[in-house]
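Below, chain A is the first sequence line, B the second, and so on; all start at residue 1.
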Amino acid sequence: MAELNDLERLRLEKAEALRRAGMEPYPTTAKRTHTTAEAQRAFEAAPEGSPVKATVVGRLRSIRRMGKVTFSHVEDGDGRLQLYLRADDLGAEKTALFTDLFDLGDFVQASGELFRTKTGEISLHVRDFTMLAKAISPLPAGKEEVVDGERVVHAAFANPEARYRERYADLAVNPEVREVFRTRARVINAVRAFLDEHGFIEVETPILQPIYGGAAAQPFVTHHNQLHQDLYLRISFELYLKRLLVGGLERVYEIGRDFRNEGVSFKHNPEFTQLEFYMAYADYRHVMVLTEEMVAAAARQAVGTTTIEYDGHTIDLTPPWRREDLRSAILQRSGIDIAAHPSAESLRRAMLAKGHDPAESSTRGKLIESLLTHYVEPALIQPTFIYDYPRDISPLAKSKPGELGTVERFEGYAGGMELCNAFTELNDPVDQEARFAEMGRDYAADDEERHPMDEDYLRAMRYGMPPNGGFGMGIDRLTMLLTGRPTIREVILFPHLRSKE
RNA sequence: GGGCCGUUAGCUCAAUGGCAGAGCAGGUGCCUUUUAAGCACAAGGUUGAGGGUUCGACCCCCUCACGGCCCA
């Protein structure tokens with residue numbers, strides 16, 4: 001066992017002492033008749049004077065010894081219940097097991113009848129108790145009080161690095177962290193239910209891919225030893241899901257992990273949870289409507305309202321969301337009219353005049369994207385769809401009729417953050433092949449934006465792909481928004497951190 | 001990648017060049033309806049790692065590791 005500190009050595013000795021006293025510190029079975037919340041409800045529902053017996057289990061979160069009586073709180077997944085132990089009831093020997101050998105953080109089981117103390121708290125008058133699992137390391141728990149009904153924690157376990165590295169301890173002592181992940185689960189359930197109700201089927205496509213694609217990102221590379229083949233961890237699901245439309249599955253979605261070998265930031269984790277759906281016979285306008293309805297449904301189901309607080313702003317997710325075309329969004333906020341600059345060189349000069357210094361090699365599309373990121377994105381607090389994007393940064397989207405350089409694409413923003421990305425999918429195999437070739441020409445071989453040619457995808461498309469609208473959204477970012485968390489690390493259970501040493 | 005800030009007891013934090021402290025947790029007592037229970041006493045440290053300056057370093061300098069915030 002690892003090096004233990006004094007506190008841990010003492011607790012290990014207490015576990016041995018329990019064993020000597022005939023109480024196994026890690027028994028095989030537990031018994032529960034009520035959760036703590038159920039016990040409280042049962043007591044309140046019972047007629048006055050009729051006894052309610054209960055056996056509850058959970059972690060000891062407080063212990064207050066007062067001579068021959070002891071008060072303690074046990075916490076389970078539902079809440080907390082106060083235990084009341086009297087030496088006169090339990091006998092000196094049994095009582096001593098609790099008062100001398102039980103510690104904060106231990107998992108215990110206690111049986112007795114419920115009553116109300118003179119301060120009004122529903123409590124369990126304990127007639128028997130046992131250890132369920134002795135905790136050796138003390139939990140990094142602060143001390144709590146209730147002020148005006150609000151729970152106030154003193155010296156709470158708050159160091160972000162320690163919390164992420166030891167998420168188990170973070171979850172154990174910070175109930176609001178547990179709530180974030182319950183909310184996250186509700187968000188995913190809500191999205192799934194919404195899409196199922198709209199006739200979509202959930203599918204699973206390869207995570208290990210021989211050719212990566214569907215997004216502009218660097219992949220992680222791995223290797224299959226037996227096959228002597230390099231494989232990529234997927235950066236998106238797009239090209240596989242659209243193959244399914246060729247196969248006649250008209251509405252498909254996948255919720256799963258994407259991997260991008262890029263920087264880590266408050267809104268980027270190397271692996272993150274993505275939702276993508278593809279809908280035959282829909283275009284980006286249909287998808288926009290579906291998107292705002294889906295996000296609103298997720299908000300209602302996950303947090304009970306479509307009006308949320310984020311970063312000091314009140315955000316109303318109720319449909320319909322504002323719609324703004326990309327050209328006016330940029331013009332209004334930067335004074336640069338991208339339509340007046342049909343070439344990369346001209347746009348670059350306009351940006352230089354505004355004090356930017358874009359890279360010489362940037363395409364016009366990349367320049368527009370940087371204007372969007374710099375001027376528009378931070379200003380989009382209320383949910384907004386920005387639509388009609390440059391073709392050269394959207395190699396899988398269909399061109400707008402009559403506007404060669406523009407594609408039918410939108411991104412959804414809220415809270416100053418990109419939430420989702422969608423387009424009318426390109427389904428013309430000749431055009432698609434030309435786009436792949438264009439990408440190869442316009443971007444250097446080592447450019448992360450480069451899309452490798454996927455011959456099999458083109459073969460699928462040549463069999464005929466129905467017109468369709470596609471959509472991708474980061475579930476983590478949606479969860480950030482709905483839980484009011486400022487960083488992606490707060491909504492991922494085990495976020496990526498560098499190893500120490 | 002750059003800038004700034006941080007890393008001290010199990011947790012939360014003090015100490016700015018001169019004996020490293022507090023609250024909580026933990027220990028020993030007292031206490032039969034408490035709830036941040038209370039009171040008393042005692043204990044707890046490789047100050048992230050390595051190097052340097054100095055009579056003397058948590059503190060100043062350098063390098064490194066990890067994290068946070070901001071910028072790219």
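- For the pair A/Glu13 CD and B/U28 P, the interatomic distance rounds to 11 Å; values are reported in whole Å.
- Between B/G27 and A/Lys14, a contact under 4.0 Å exists linking OP1 or OP2 to a side-chain N or O.
- Looking at the side chain of A/Lys143, the nearest of the listed nucleotides B/A36, B/G26, B/G67 is B/A36.
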Check the interface with nucleotides 32-34 of chain B: list each N/O to N/O pair with the protein under 3.5 Å, or write none.
unit_1: B/U32; atom_1: OP2; unit_2: A/Lys68; atom_2: N; d: 3.4
unit_1: B/U32; atom_1: O2; unit_2: A/Arg86; atom_2: NH1; d: 3.2
unit_1: B/U32; atom_1: N3; unit_2: A/Asp88; atom_2: OD2; d: 2.8
unit_1: B/U32; atom_1: O4; unit_2: A/Asp88; atom_2: OD1; d: 2.7
unit_1: B/U32; atom_1: O4; unit_2: A/Asp88; atom_2: OD2; d: 2.1
unit_1: B/U33; atom_1: O2'; unit_2: A/Lys118; atom_2: NZ; d: 2.9
unit_1: B/U33; atom_1: O2; unit_2: A/Lys118; atom_2: N; d: 3.0
unit_1: B/U34; atom_1: O2; unit_2: A/Arg64; atom_2: NE; d: 2.8
unit_1: B/U34; atom_1: O2; unit_2: A/Arg64; atom_2: NH2; d: 2.9
unit_1: B/U34; atom_1: O2; unit_2: A/Gln82; atom_2: OE1; d: 3.3
unit_1: B/U34; atom_1: N3; unit_2: A/Gln82; atom_2: OE1; d: 2.9
unit_1: B/U34; atom_1: N3; unit_2: A/Gln82; atom_2: NE2; d: 3.0
unit_1: B/U34; atom_1: O4; unit_2: A/Gln82; atom_2: NE2; d: 2.7
unit_1: B/U34; atom_1: O4; unit_2: A/Thr117; atom_2: OG1; d: 2.8
unit_1: B/U34; atom_1: O4; unit_2: A/Thr119; atom_2: OG1; d: 3.3

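- Residue A/Asp103 contributes atom CG, which lies 7 Å from atom P of B/G26 at whole-angstrom precision.
- In terms of the salt bridge (charged side-chain N to carboxylate O under 4.0 Å, His left out) criterion, A/Asp316 has no residue partners (sequence neighbours excluded).
- In this structure, the side chain to side chain donor-acceptor pair (under 3.5 Å) partners of A/Arg327, at least two apart in sequence or on a different chain, are A/Asp337.
- Checked options A/Gln40, A/Glu75, A/Glu121; the residue passing with A/Arg80 is A/Glu75 (criterion: side-chain hydrogen bond (donor to acceptor under 3.5 Å, both in side chains)).
- At distances below 3.5 Å, not a single donor-acceptor pair connects side-chain atoms of A/Glu271 with backbone N or O atoms of A/His496.
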Please table the atom pairs, donor to acceptor, closer than 3.5 Å between any side-chain atom in residues 168-178 of chain A and protein atoms at least two apart or in another chain.
unit_1: A/Asp170; atom_1: OD1; unit_2: A/Arg163; atom_2: NE; d: 2.8
unit_1: A/Asp170; atom_1: OD1; unit_2: A/Asn174; atom_2: ND2; d: 2.7
unit_1: A/Asp170; atom_1: OD2; unit_2: A/Arg163; atom_2: NE; d: 3.3
unit_1: A/Asp170; atom_1: OD2; unit_2: A/Arg163; atom_2: NH2; d: 3.2
unit_1: A/Asp170; atom_1: OD2; unit_2: A/Arg167; atom_2: NH1; d: 2.8
unit_1: A/Asn174; atom_1: ND2; unit_2: A/Phe157; atom_2: O; d: 3.2
unit_1: A/Arg178; atom_1: NH1; unit_2: A/Leu171; atom_2: O; d: 2.6
unit_1: A/Arg178; atom_1: NH1; unit_2: A/Ala172; atom_2: O; d: 3.3

Base-pair string, RNA chain B, Watson-Crick plus G-U, cut-off 3.5 Å on both distances, | for inter-strand, is (((((((..((((....[..))))..((((.......))))......(((((..]....)))))))))))).
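- One P atom belongs to B/U16, the other to B/C30, and the distance between them is 41 Å to the nearest Å.
- The residue from A/Ile488, A/Asp311, A/Leu419, A/Val180 that alone fulfils the side-chain contact (heavy atoms from CB on, under 4.5 Å) condition with A/Met480 is A/Ile488.
- If you take CG of A/Leu12 and P of B/G26, they are 18 Å apart, rounded to a whole angstrom.
- With sequence neighbours excluded, no residue forms a salt bridge (charged side-chain N to carboxylate O under 4.0 Å, His left out) with A/Arg64.
- Within residues 485-493 of chain A, the residues approached by RNA chain B to less than 4.0 Å at the level of any non-hydrogen atom are A/Thr487, A/Arg489, in residue-number order.
- Of all nucleotides listed (B/G67, B/G26, B/A72), B/G67 comes nearest to the side chain of A/Glu161.
- Within the 3.5 Å criterion, the main-chain N or O of A/Gly91 finds no donor-acceptor partner in the side chain of A/Asp88.
- Sorted by first and then second residue, the pairs that involve residues 53-97 of chain A and meet ring-ring contact (aromatic ring centres under 6.0 Å, His included), not counting sequence neighbours, are A/Phe71-A/Tyr84, A/Tyr84-A/Phe115, A/Tyr84-A/His125.
- Between the CG atom of A/Leu371 and the P atom of B/A72 there is a distance of 13 Å, given to the nearest Å.
- Take A/Lys267 and apply the salt bridge (charged side-chain N to carboxylate O under 4.0 Å, His left out) test, not counting sequence neighbours, and it matches A/Glu377.
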What N/O pairs connect the protein and nucleotides 8-14 of chain B at under 3.5 Å? Give each pair on its own line.
unit_1: B/C11; atom_1: O2'; unit_2: A/Ala155; atom_2: O; d: 3.0
unit_1: B/U12; atom_1: OP1; unit_2: A/Ala158; atom_2: N; d: 3.4
unit_1: B/U12; atom_1: OP1; unit_2: A/Asn159; atom_2: N; d: 3.1

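- Summarising the geometry, the separation between CD on A/Glu8 and P on B/A25 is reported as 18 Å, rounded to the nearest angstrom.
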Polar atom pairs between nucleotides 42-47 of chain B and protein, under 3.5 Å, N or O only, would you list them?
none

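- Residue A/Arg11 is classed as having no contact, given no heavy-atom separation below 4.0 Å to the nucleic acid.
- For RNA chain B, the neighbouring residues in residues 164-172 of chain A, judged by any heavy atom under 4.0 Å, are A/Tyr164, A/Arg165.
- A/Thr36 and A/Asp76 share a donor-acceptor pair across their side chains, judged by distance under 3.5 Å alone.
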